[in-house]
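Reading through the structure tokens given below for one structure.
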Amino acid sequence: MAEPERDHITAAGDGRLKTGLRTRHLVMMSLGSAIGAGLFVGSGEGIALAGPAALVAYAIIGLIIVSVMRMLGELAAADPNPGAFSYYVGKALGPGAGFMMGWLWWIQMTLVVSAEALAAAEGLNGLVGVLPSWGWALVFMVVFTALNLTGAANFGELEFWLALIKVTFIVVFLAIGAAYLFGWTSEPSPGIDNVGEFLPNGLGGVTAALLVIAFAFGGIEIIAVAAAETDDPGPSVTKAIRTIVWRILLFYVGSVLIIILVLPATDDRLQSGPFVGVLEQAGLPAVATTMGAIIVVALLSSMNVNLYGASRMLFSLGLRRMAPSETATTSTRGVPIIAVLASVVVGFAMVPANYVWGEQVLDKLLALVGSTLLVTWLAITAAQIVLRRRADREGVHLPMRMWLYPYLSWATMLALAVIVLLGLWTDSVRGQIASTALLAFVLWGVGTIIARRRSASPNS
């Protein structure tokens with residue numbers, strides 16, 4: 001069933017997507033996508049909402065994403081495809097579900113691109129001024145749209161080094177934070193005096209934080225989208241998945257633990273820049289300024305990777321006739337130009353929105369994307385359960401296998417369902433989850449209708 005789609009990928013448009021990514025590129029692209037606004041900005045928002053309990057929430061979401069990524073690795077290693085989980089969900093649950101997943105993730109990624117641009121703009125405005133936040137956001141959108149249109153020959157290598165900067169920064173931050181807490185810097189250690197009440201806003205605060213925290217881990221699944229452009233997809237994805245998930249969990253939980261111990265839950269710097277706030281508190285304002293610049297670079301790198309992911313998903317939808325055929329055409333350099341341009345529309349629209357409503361736009365984007373990620377993870381889990389059962393029944397060899405199948409897969413499904421139910425019982429996030437669910441069902445219905453009409457057409 002997968003082979004015809006590969007034939008379309010080879011023949012689409014004037015050119016085609018070109019391979020060339022390696023395992024180290026996949027690892028760093030996925031790290032680069034995940035280490036962005038969700039960590040540098042959203043971590044402070046999550047702590048402000050949940051207090052010290054945010055650490056538990058991060059650990060829960062982190063363990064869920066480790067399980068989801070293992071399931072996704074099983075699927076991608078066996079059948080690499082630029083449609084990734086949209087393609088797998090379609091195989092498992094029908095074309096309507098695949099349509100829903102592809103379009104919902106594309107919408108999610110366009111929102112993430114917008115959030116990264118706004119977060120980087122606010123960071124640069126705070127460092128150097130010169131332009132207002134909306135002005136910097138416009139500059140970033142223009143520059144990175146142009147970069148994505150020029151060709152992807154060196155994309156993987158560029159992102160490898162940009163992501164390495166981010167990873168190095170996280171390691172340095174963890175070392176400095178630990179040194180400060182142990183009393184090894186010029187400033188006295190606060191010990192655990194800043195921890196305060198574990199649940200300052202009750203269970204509702206934790207539930208509200210879960211969506212923001214979910215956004216923090218968003219983008220790691222881009223590894224499956226990029227798999228189709230690797231020279232040796234199966235082994236590359238297997239190695240990359242095994243390498244990345246534990247690093248992400250360590251970086252996120254470690255960083256959040258230090259922030260919670262250093263900054264009180266009422267500190268304004270949790271909202272504006274928790275990482276810079278920690279370094280300032282440790283008595284290193286010069287390092288904080290330098291790190292502030294690195295954070296801006298990190299956010300832009302994440303934005304670049306997510307724009308890549310959005311364009312490839314739209315390209316795949318076009319190949320499967322779930323989007324206008326123009327989105328499946330590529331330039332002679334292998335760039336899906338129409339898909340790239342369509343994927344930056346929301347980002348450009350957020351520029352005037354930021355001008356009118358300011359930082360509120362970024363806060364809304366952080367929460368909105370979290371609820372769409374829950375749908376993505378639920379769909380991946382459902383697809384893995386169905387396709388693994390099918391593969392076992394047919395005796396298909398799988399290069400990578402999910403741990404403790406089917407028990408861990410079902411446990412992950414249950415954990416995600418509990419988070420959704422908690423969200424529906426929490427006033428502050430009920431509307432977000434309900435609207436996302438409505439959008440998902442509408443897209444599923446539209447996709448089902450389109451698939452039925454296509455199958456009924458004599459020219460299909």
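Side chains are part of it too, since the values below use all heavy atoms of this structure and drop only hydrogens, waters and symmetry mates.
Within the 3.5 Å criterion, the main-chain N or O of Q432 finds a donor-acceptor partner in the side chain of S435. A donor-acceptor pair is defined here as one N or O able to donate and one able to accept, closer than 3.5 Å; no such pair exists between the side chain of N304 and the backbone of L300. With R312 contributing its side chain and L307 its backbone, the two residues share no donor-acceptor pair below 3.5 Å. The backbone N or O of L131 lies less than 3.5 Å from a partner atom in the side chain of N125, making a donor-acceptor pair. With T110 contributing its side chain and I107 its backbone, the two residues share a donor-acceptor pair below 3.5 Å. Side-chain atoms of E74 come within 3.5 Å of backbone atoms of M402 as a donor-acceptor pair (strictly under, hydrogens ignored). In terms of modelled atom types and a separation under 3.5 Å, the side chain of S67 and the main chain of L63 share no donor-acceptor contact. In this structure a side-chain-to-backbone donor-acceptor pair under 3.5 Å is present from S189 to L181. Remark: the backbone N or O of A50 is not paired with any side-chain donor or acceptor of N201 at under 3.5 angstrom. No donor-acceptor distance shorter than 3.5 angstrom exists from the side chain of T185 to the backbone of Y180, with no hydrogens or angles considered.
Taking the six-membered ring for Trp and thresholds of 30 and 60 degrees, F173 and F275 have ring planes inclined between 30 and 60 degrees apart.
Closest approach of W103 and A323 over heavy atoms only: CZ2-CB, 3.6 Å. Taking both residues in full, the closest heavy atoms of M303 and E116 are given as CB-CB, 3.5 Å, listed atom of the first, atom of the second, then distance. When every heavy atom of S86 is checked against every heavy atom of G98, the shortest pair comes out as OG-O, 2.8 Å. Minimum heavy-atom separation, G254 to L174: C-CD2, 3.4 Å. When all heavy atoms are compared, the tightest approach of S301 to A163 is OG-N, 4.3 Å. The two atoms that bring V89 and A379 nearest to each other are CG2-O, 3.6 Å, heavy atoms only.
The 12-atom threshold is exceeded at CZ of F198, counting heavy atoms of other residues, nucleotides or ligands nearer than 6.0 Å.
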Apply side-chain contact (heavy atoms from CB on, under 4.5 Å) to Y308 and V113, showing your working. CA-CA 10 Å; Y308 163 87; V113 167; over 6 Å; no
Check the pair M413 / I385 against side-chain contact (heavy atoms from CB on, under 4.5 Å), numbers first and verdict last. CA-CA 10 Å; M413 177 77 78; I385 291 172; 4.3 Å; yes
Step-by-step side-chain hydrogen bond (donor to acceptor under 3.5 Å, both in side chains) determination, E221 to T376: CA-CA 9 Å; E221 66 275 3; T376 301; 5.6 Å; no
Report the C-alpha separation of W136 and E122 in whole Å, then their side-chain angles, then the decisive distance to 0.1 Å, and conclude whether the side-chain hydrogen bond (donor to acceptor under 3.5 Å, both in side chains) test is met. CA-CA 8 Å; W136 283 119; E122 290 178 9; over 6 Å; no
Go through the steps for E280 and R269 under the test side-chain contact (heavy atoms from CB on, under 4.5 Å), then give the verdict. CA-CA 10 Å; E280 290 175 344; R269 288 173 294 184; 3.4 Å; yes
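If you check the side chains of R70 and Q384, you find no donor sitting under 3.5 Å from an acceptor.
Between F99 and W444, the distance from one ring center to the other does not fall under 6.0 angstrom.
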